[in-house]
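Please read the structure below before turning to the comments.
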Amino acid sequence: MKLSLDWLREYVALPADLDPHQLAHDLTMSTVEVEGVDDLAAGLAGVVISEVRSCERHPDADKLNVCTMHDGRTVVCGGSNVAAGMKVALALPGAVVSGRDGKPLTIAEATVRGVASSGMICSSGELGLADLFPSKGKEIMDLTHLDAAVGSPLAPAIGYDDILLEIDNKSLTNRPDLWGHLGMARELAALYDVPLSDTPAPELPSADGGFEVRIEDPRCLRYTATRVEGVDGSAASPLWLAARLAKVGQRPINLLVDLTNYVMMSVGQPSHAFDARDLPERVEIRAARDGEALTLLDGTELALDPQSLIIASHEAPTALAGVMGGDLAVRDDTSALWLEVASFDHVDVRRTARRFGLRTESSTRFEKGLDTPRVEAALGLFQDLFAKLVPGSRIVAHVDSHPRPTAPVSVSVTVPFLHGRLGRELGAPAMIGLLHRLGFCTEQDGDALEVHVPSWRATGDVDLPEDIVEEVGRLYGFEALGFSPPQVELVDPVIQPVRRMERRLREYLAFRCGLREVVTYPWVSARLLEAGGCADTPTLGLAHPPSPDMRLAPSLVPQLLSVIADNLRYTQSFGVFEVNRVFHVAPQDGPEGLPTQPKRLSAAVVGADAAALFYRLKGAVEGLSGGVQVAEVHCIADPSGAPAWADPSAVVGIACGDTVIGHLGVLSARAKRLAGIKRGEAAVLELEVEALEPHASRENRYAPLPQFPQVDFDISLVVDRGVRFTALREAALEASALVLGVHFVDEYVGAQVPDDKKSVTLRLRLGAAERTLVRDEIDQAAAAVIEQLSASFGGQVRA
Amino acid sequence: MIEQLAALEAEALAAIEAAPTAAELQQVKAAWLGKKGQLTALLKGLRDVAPAERGAIGKAANVAKQRLAAAADARKEALLDSVSAVPAGFDVTRPGTQQPSGGLHPITQLRYDLDDAFTSLGFEIYDGPEISSELYAFDSLNFPPDHPARESMDTYWLEGRDTKTGAERHCLRPHLTGGSVRYMQTHEPPFRFVYPGRVYRNETTDASHERAFFQYEALIVEKKLPFTAGRLLVKTILQAVFGRDVKVRMRAGFFPFVEPGFEIDMQCLVCEGEGCSVCKHVGWLEVMPGGPPHPEVLRAGGIDPSEWEGFYINIGLDRLVMMRYGVDDVRHFHSSDLRFLGQFQ
Ligand SMILES: [Zn+2]
């Protein structure tokens, strides 16, 4: 919303030297957010009122004229209506106007087809004044009838020596009283503790002119109809009034319509002017009937239904209550009006405006909740304006139906309550003084305060003790209240093993395993769901998903596949992980029956060598328990229920105790194809984070150092490819009690061994708890291992 | 002969010192001290010397021999000590081996910084469901029944629940505050907790709007909690996170779930309040709404508003991270683009 400082000053005696930026800051801190301060005169700097003394056709251009201006300068002008004797707006060199493309254009001394030109005679569009001075085609602004001295600046002559404040509408949603200049002036009067001049009280005739207002629906709170005769539907507004409307973004139309807009922009109360001929006997405010329609000014027809509250005359809808009038408007030959000033239920106006997609200045105000006494303020201003601007006009009849006046609101608070909430003892007199400045009345009884809320704040805005805290605090200045240390009760130390585990898990994967954390959307396409092995998993959907085939992902793998595919466009080898929730159809226990939403970890390492990637990721899983401080986690071969995205020959289960909590595997060729992964290999894992069991504290135990030396020795054996390390290890451990450990060193497949074989190198650790081994014992143990392995696996063994 | 011996010793010493490698030293040693060495040859000439002189010369020759042997040993040790493990021409200017380049998401980084600041003040960390219900997302938070945010244009409602209301109408949580009500319902005051998480809004995305974004909520409920204490809390936290003095201002703002409501601004750290492109030349950045929870919200959480007071803030993490690093497009956070994420160590 835009506010004119000049207009505000009509109602509030602001200090003369108040800097508009200071005002914007003060309003922002205590009331609403001021988004911009626009100095209109600065925008018109260098534009003066001039007169065309002579006007000759340009020697070299048919459509250009060479004009001599009031100060003797020559200006080349392409305006179609330029003529000698015309008063015009002249932009001097250095002035900035709006160019053809709307971008700023700085006027400079120029030569136009051989003729020197020192300035530009402007069209209204070039000065941003098209609303105020409508023009056709290439016409320039004709100011001949403007009562202003030639050579003087343009801005003051048209009421543009003004400052516009741009208010963020969102910050105004809870303040219906501020949707007009008078309301904001009232707020400023309180802020600066200066006087406010309210609108005059109306003095209306008691005659009803035989007119009937029939309110048949509780959604109409008040309806007044005022008959004004002796008006002229073709009259235009005086410049000052048109300028005020244009400045705040309201296009001037004709005097009668402009008056309704002016009153709305002043007191925030919408109204509607009907030609009296269109409302001959009465109006009905009622729910529309099925099949009824309302034709709008632009010709569109709204199909109404009983949800719509309408104003009807002669059984026909003439307006959508509080939102928009129909096509029966004020016309050039209008001489008498029925002026509607009414109030409607704010919820209903909001719904209607939304349903029909018609957000108007009127509905925007009504939907905030306007108080019904505001109708008087509007009528008082109307009466004043008709008297001043429409000579010969007479208010001859007035009907006021007021079934649901705004209820008085009062709030009980105590002085200690206010002190306690504010954090500072301002004292009762100071706080009462602040409330009075804002229009509240108070009754004090000891520490108790009964605060009566003014009607313009009583439509839902202020009704709680906390609201009174806010009013006092913001007018005193929140910043001025200072700081105080919170008085908190001592509580037990907060120990949250699960939270700590989650953080350690992320840090382990990032900093120990070298993976990069990603965050993906919870919704995913059908194609990725299939690639991620979720084709047959029931999924949840959104009523309005970001794109039609998106479902909520029951696994993090589908998104992970797209992360892999996307990043492969830039890089060939990388590792990523994500910790996030997935969504399952099965409901949880509890009254809401919310879907189950387990937290998962997904990770992938991407590169050229699938086997190496698999073992790298497997290493990350095997290091989890130590790195994250959780109960041991291990991998199990030949898992049941292996996911569809995994290559069946390279997949393991991830288990915590006997419970399988996830899977790790090489990404299958099919998954890669479906996910659009055209090159590279990936190992992928997914596991249930909530299945990891965090230790309450660190669980490491000290093991005494071996008292006697232990010896390592390596053996290599050539065995069938299918022989597993776990089998070799078991056999080696069984071969001799002196074998304390069997470690994997290396595996070789290639030219040095037969096609169906592999060479495996193991490192055996030998030792005894109670003595140092002698050479013979070591040799015997090694021989036993070799013999056992050869016997079990038929391999050639060499130590 | 004594003179001859001295000359020979000096020559041998020079050769030992000059030997460039252990192998050459060995040759030098053989040439002087070996069986066919020059010193040995000289000593063989003793036979021709007068017996009276023989003793003295023999002694001198032995001393010289020992001295040369010691010099050779010393030279050998020096040569071995200076052997290099790297080949000749080793290039110290080559880049070092890269460490695995993992890292946390920039949002997670800021979140953990906030966690550290809050947990040091005794706050608990809470985590709630991402699919919530209208009951918690709106009803409990004093949103009027016709509030525009309930419309599908703002909230991601789950499909097939159009006719349901309240607890049975499910949505991706539009904010975290509903989850805070869950916490209140299951905990006895006084308490203080933070609630980090991702929230969802159905809107058109651009450089400053996302459908999924991150909030960080904090709520403290105590017997007494004046505005001035809440203000100090906010300042303390921001200071802890940014590691420097941060100017904070609180101004009137309207949110249904706080009363009174505040917009909390932080002075722009890029320009120190002078105005720059990051703060859109205002000098201040809106970082969070806050204020005491609305009495209806406390009531929804099962807390008697006449007995307990609270202070609540809800930090928009995306904007704060954008300011921290000068990120110009909020959509990067969900892009999973490693060229972006890789910049945050
Ligand atoms: Zn800045």
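Because only heavy atoms are used, hydrogens play no part in the values below, and waters and symmetry mates are left out as well, while side chains stay in. Just so it is clear, the model here is predicted, and its values are computed rather than measured.
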Given 3.5 Å as the limit, does a donor-acceptor pair link the side chain of [X] with the main chain of [Y], or not?
| X | Y | answer |
| --- | --- | --- |
| N174(A) | F254(B) | no |
| N567(A) | S336(B) | yes |
| R516(A) | L341(B) | yes |
| R581(A) | P129(B) | no |
| E517(A) | L104(B) | no |

Pick from [options] with the largest number of heavy-atom pairs that fall under 4.5 Å of chain B:
| options | answer |
| --- | --- |
| Q559(A), Q588(A), R551(A) | R551(A) |
| V32(A), L515(A), T31(A), L172(A) | L515(A) |
| P545(A), G541(A), P486(A), G575(A) | G541(A) |
| R351(A), R506(A), E471(A), Q487(A) | R506(A) |

Below 4.0 angstrom, N of the basic side chain to O of the carboxylate: do R182(B) and E592(A) qualify?
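Salt bridge: yes.
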
Look at R249(B) together with E479(A) and state whether they make a salt bridge at an N to O cut-off of under 4.0 Å.
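Salt bridge: no.
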
Can you see which heavy atom on P226(B) is nearest to which on G420(A), and at what distance?
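For P226(B) and G420(A), the tightest heavy-atom pair comes out as CB-O, 3.1 Å.
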
Please report the shortest heavy-atom distance between L232(B) and S484(A), naming the atom on each side.
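Closest heavy-atom pair between L232(B) and S484(A): CD2-O, 3.6 Å.
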
Side chain to side chain contact (heavy atoms under 4.5 Å, CB included), that's the test. Do N580(A) and E130(B) meet it? Break it down for me.
CA-CA 10 Å; N580(A) 232 325; E130(B) 282 189 50; 3.8 Å; yes

I'd like to know if the side chain of Q496(A) pairs up with that of Y126(B) as donor and acceptor (distance under 3.5 Å, no hydrogens or angles considered).
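Looking only at side-chain atoms, Y126(B) and Q496(A) do not form any donor-acceptor pair under 3.5 Å.
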
Would you say that R474(A) contacts P260(B) through its side chain, given a criterion of any heavy-atom pair below 4.5 Å between the two side chains?
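Not in contact.
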
Flag the one option from T205(B), D127(B), I220(B) with the top tally of heavy-atom pairs under 4.5 Å to chain A.
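Of T205(B), D127(B), I220(B), D127(B) has the most heavy-atom pairs under 4.5 Å with chain A.
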
Given Y521(A), which partner from the list E210(B), R198(B), H334(B), R211(B) fulfils the side chain to side chain donor-acceptor pair (under 3.5 Å) test?
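Of all the options given, the one that passes is E210(B).
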
Assess the residue pair L552(A) and I131(B) against the criterion (side chain to side chain contact (heavy atoms under 4.5 Å, CB included)); give the C-alpha distance rounded to whole Å, side-chain angles, the decisive distance to 0.1 Å, and a yes or no.
CA-CA 10 Å; L552(A) 293 181; I131(B) 292 182; 3.9 Å; yes

Carefully, step by step, assess L540(A) and H170(B) under the rule side chain to side chain contact (heavy atoms under 4.5 Å, CB included).
CA-CA 11 Å; L540(A) 293 162; H170(B) 298 164; over 6 Å; no

Positive for side chain to side chain contact (heavy atoms under 4.5 Å, CB included) with I125(B), one of E502(A), R503(A), R499(A):
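Exactly one pass, corresponding to R499(A).
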
